[in-house]
Student: 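I'd like to ask you about the structure that follows.
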Amino acid sequence: MAVESTLPTPFRTPASDKDAKALQFIEEMTKNVDSVQERVLREILSRNAETEYLKRFILNGATDRETFKSRIPVVTYEDIQPEIQRIANGDKSPIFSAHPISEFLTSSGTSAGERKLMPTIHEELDRRQLLYSLLMPVMNLYVPGLDKGKGLYFLFVKAETKTPGGLLARPVLTSYYNSDHFKTRPYDPFNVYTSPNEAILCVDSFQSMYAQMLCGLIMRNEVLRVGAVFASGLLRAIHFLQNNWKQLAHDIATGTLNPKITDAPVRECMRKILKPNPELAQFVTMECYEENWECIIKRIWPRTKYLDVIVTGAMAQYIPTLEYYSGGLPMACTMYASSECYFGLNLNPMCKPSEVTYTIMPNMAYFEFLPHGSSTSCLVDLADVEVGKEYELILTTYAGLCRYRVGDILRVTGFHNAAPQFRFIRRKNVLLSIESDKTDEAELQNAIENASLLLKEFNTSVVEYTSYADTKQIPGHYVIYWELLVKDSANAPTDDVLNRCCLQMEESLNSVYRQSRVADNSIGPLEIRVVENGTFEELMDYAISRGASINQYKVPRCVSFTPIMELLNSRVVSKHFSPDLPHWTPERRR
């Protein structure tokens, strides 16, 4: 069970009285996990007692855990989609929440096809803001002096849509950035951005990125940290610099703004920031014109202390590329959140990416955990999870979601006080399957990493990837699309090496897959298709054009949608197949 602990940090003095209060709040919440969770469930059930959804299960006003667990079923999005659609169509009756539904928060739309609509209430903004307010007090313990400069964060909003009933439907970060919590936030010397609100709130992604990058260059000597929501977003910004540095340098040299920037608020705010600076323009040109992008973040923003990006889960594959661009700067993963709920934070944000754990804050929602592979009758509470075990996260929120399967698989790594700490393992959904084989995201990521080792001697790395289960032929086979970063074209990996990468991936997959390949002949040789550089950038642009959020976009690790397949296949420059069978021997059964 839990043991007493303190924040594991070399800098134990809070940076301010405000920080001290935030850190004390974390300690209080994490020492009283079970009582806080009991209170949260009681509050949720009391306030929503007269909703259609809870009345359906005849709770009769009960707010205790035993009654709640015995009568309320565990559900998926599909189970409650009819009720969600009613709200979207304009039904204002209290279906899930006694408080009015203020808007819908959309999922990224890249994990499982169509975007999901998550109903939320206005007070959830306060809860999200509370979690945000805890991040810098923790970071300040590890990295002193962050009040002596600014953060270069590439943050974006998505154009809002409305449901038939008139409710806004937008990504959670678009909701937050458009709220007064963000737009009229009080000045905090520890949380000053180079990007003005006008640039962040511009719905045109090119204009927004251009203005944010321009501000970052102008204020280069003030930048202490560089970040985006996901690692992929920061890489997109670097790619943007690679493609647009000449125009950016021109603007800096002349003090005039690119005529492609037509958004009036952006132009007005940039008019106040942009002044002729030929010396800075020359610097940008000297750093970029030879197209040597190694350590480019350190070279342009030399005071940067760390990168603030999510590099857990599917984002882990970006770590080598970020290390290349940053010169090995630390990567901080600060919080764990989704459209459904903001969950918790990383109390050791400067740890290695492979060691990131999140402490779920018990005041955010009521949390239950389904032991991985067990039936839904075996759920355990937040305070009762066990170290080393993996669980699927189940959520009950103030906005009315009850015992909702989020789909995240987490592993318990330890405790902070009485609060368990979790490592994000993967999304629950299986990525690839030809027949009885089932390959998930974590397994595919591991196979990619193992195969990538064969590319090291060629100074080449996998920048991006996705996959596809090709069942058009018999037997079907796995197709992996790779975009490569070849740092020395004279020493590029040969066809033979890439063929061996296919085999190495197969050797890394599970025994069911290898048995299907070797003994059953039900799966054909794994194929790697190398695509042109920039292909995955095009894939992101396509997804954004169809409604995905630039902040929340994640490259889908498995694809089947015809237009995406056509785009990928039109960019293939070479194809490679596993030259041999992977190793497999029958396991003995006792």
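Only this structure's heavy atoms are used, side chains among them; waters, hydrogens and symmetry mates stay out. Small disclaimer: the values here were computed from a predicted structure and weren't measured.
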Student: Distance check, rounded to the nearest 0.5 Å: Glu123 atom CD versus Ser97 atom OG?
Tutor: 8.0 Å
Student: Check the pair Gln445, Glu449 against side chain to side chain donor-acceptor pair (under 3.5 Å), reporting the backbone distance first and the verdict last.
Tutor: CA-CA 6 Å; Gln445 172 72 27; Glu449 291 174 352; 2.9 Å; yes
Student: Go through the steps to decide whether Phe25 and Leu130 satisfy the test side-chain contact (heavy atoms from CB on, under 4.5 Å), and finish with yes or no.
Tutor: CA-CA 10 Å; Phe25 177 78; Leu130 173 60; 4.0 Å; yes
Student: Report the residue from Val356, Leu322, Asp308 that forms a side-chain contact (heavy atoms from CB on, under 4.5 Å) with Met331.
Tutor: Leu322
Student: Is the backbone N or O of Asn89 less than 3.5 Å from a side-chain atom of Thr163, with the two atoms forming a donor-acceptor pair by type?
Tutor: no
Student: Got a donor-acceptor contact below 3.5 angstrom from the Glu198 side chain to the Glu268 backbone?
Tutor: no
Student: Between Arg86 and Glu83, does at least one N-O distance fall below 4.0 Å, as a salt bridge requires?
Tutor: no
Student: Please work out whether the ring planes of Tyr77 and Tyr404 are parallel, tilted or perpendicular, with thresholds of 30° and 60°.
Tutor: perpendicular
Student: Is the count of non-hydrogen atoms from other residues, nucleotides or ligands lying under 6.0 Å from Glu78 atom CD greater than 12?
Tutor: yes
Student: How far does OG1 of Thr161 sit from CZ of Phe104, to the nearest 0.5 angstrom?
Tutor: 10.5 Å
Student: Angle between ring planes, Phe561 versus Tyr542, binned at 30° and 60°: parallel, tilted or perpendicular?
Tutor: tilted
Student: To the nearest 0.5 Å, what is the distance between CG (Leu410) and CZ (Phe343)?
Tutor: 8.5 Å
Student: Is the side chain of Arg220 donor-acceptor paired with the backbone N or O of Arg303 at a distance under 3.5 Å, no angle test?
Tutor: no
Student: Could you measure the distance from the CE atom of Met213 to the CG atom of Asp251? Nearest 0.5 Å is fine.
Tutor: 13.0 Å
Student: For Arg170, is there any backbone N or O sitting under 3.5 Å from a side-chain donor or acceptor partner on Glu103?
Tutor: no
Student: When the aromatic ring centroids of Tyr342 and Tyr132 are compared, is their separation below 6.0 Å?
Tutor: yes
Student: Kindly indicate whether the side chain of Ser339, heavy atoms from C-beta on, has any atom under 4.5 Å from the side chain of Lys116.
Tutor: no
Student: Does any N or O in the side chain of Arg571 come within less than 3.5 Å of the main-chain N or O of Glu532, such that one atom is a donor and the other an acceptor?
Tutor: no
Student: Does a side chain donor of either Tyr177 or Asn197 reach within less than 3.5 Å of an acceptor in the other side chain?
Tutor: no
Student: Has Thr357 got a side-chain atom pairing as donor or acceptor with Arg423's backbone, closer than 3.5 angstrom?
Tutor: no
Student: Using 0.5 Å steps for rounding, measure from the CD atom of Glu294 to the OH atom of Tyr324.
Tutor: 5.0 Å
Student: Within 45° of the axis and under 6.0 Å from the centre of the six-membered ring of Tyr176, does NZ or CZ of Arg128 qualify?
Tutor: no
Student: Are there more than 12 heavy atoms of other residues, nucleotides or ligands under 6.0 Å from atom CG of Asp126?
Tutor: yes
Student: For the pair Ser452 (side chain) and Val462 (backbone), establish whether a donor and an acceptor sit closer than 3.5 Å, ignoring hydrogens and angles.
Tutor: no
Student: What distance do Ile296 atom CD1 and Gln242 atom CD have between them, rounded to the nearest 0.5 Å?
Tutor: 8.5 Å
Student: Whether the side chain of Trp301 engages the backbone of Gly216 through a donor-acceptor N/O pair (distance < 3.5 Å, no angle test) should be reported.
Tutor: yes
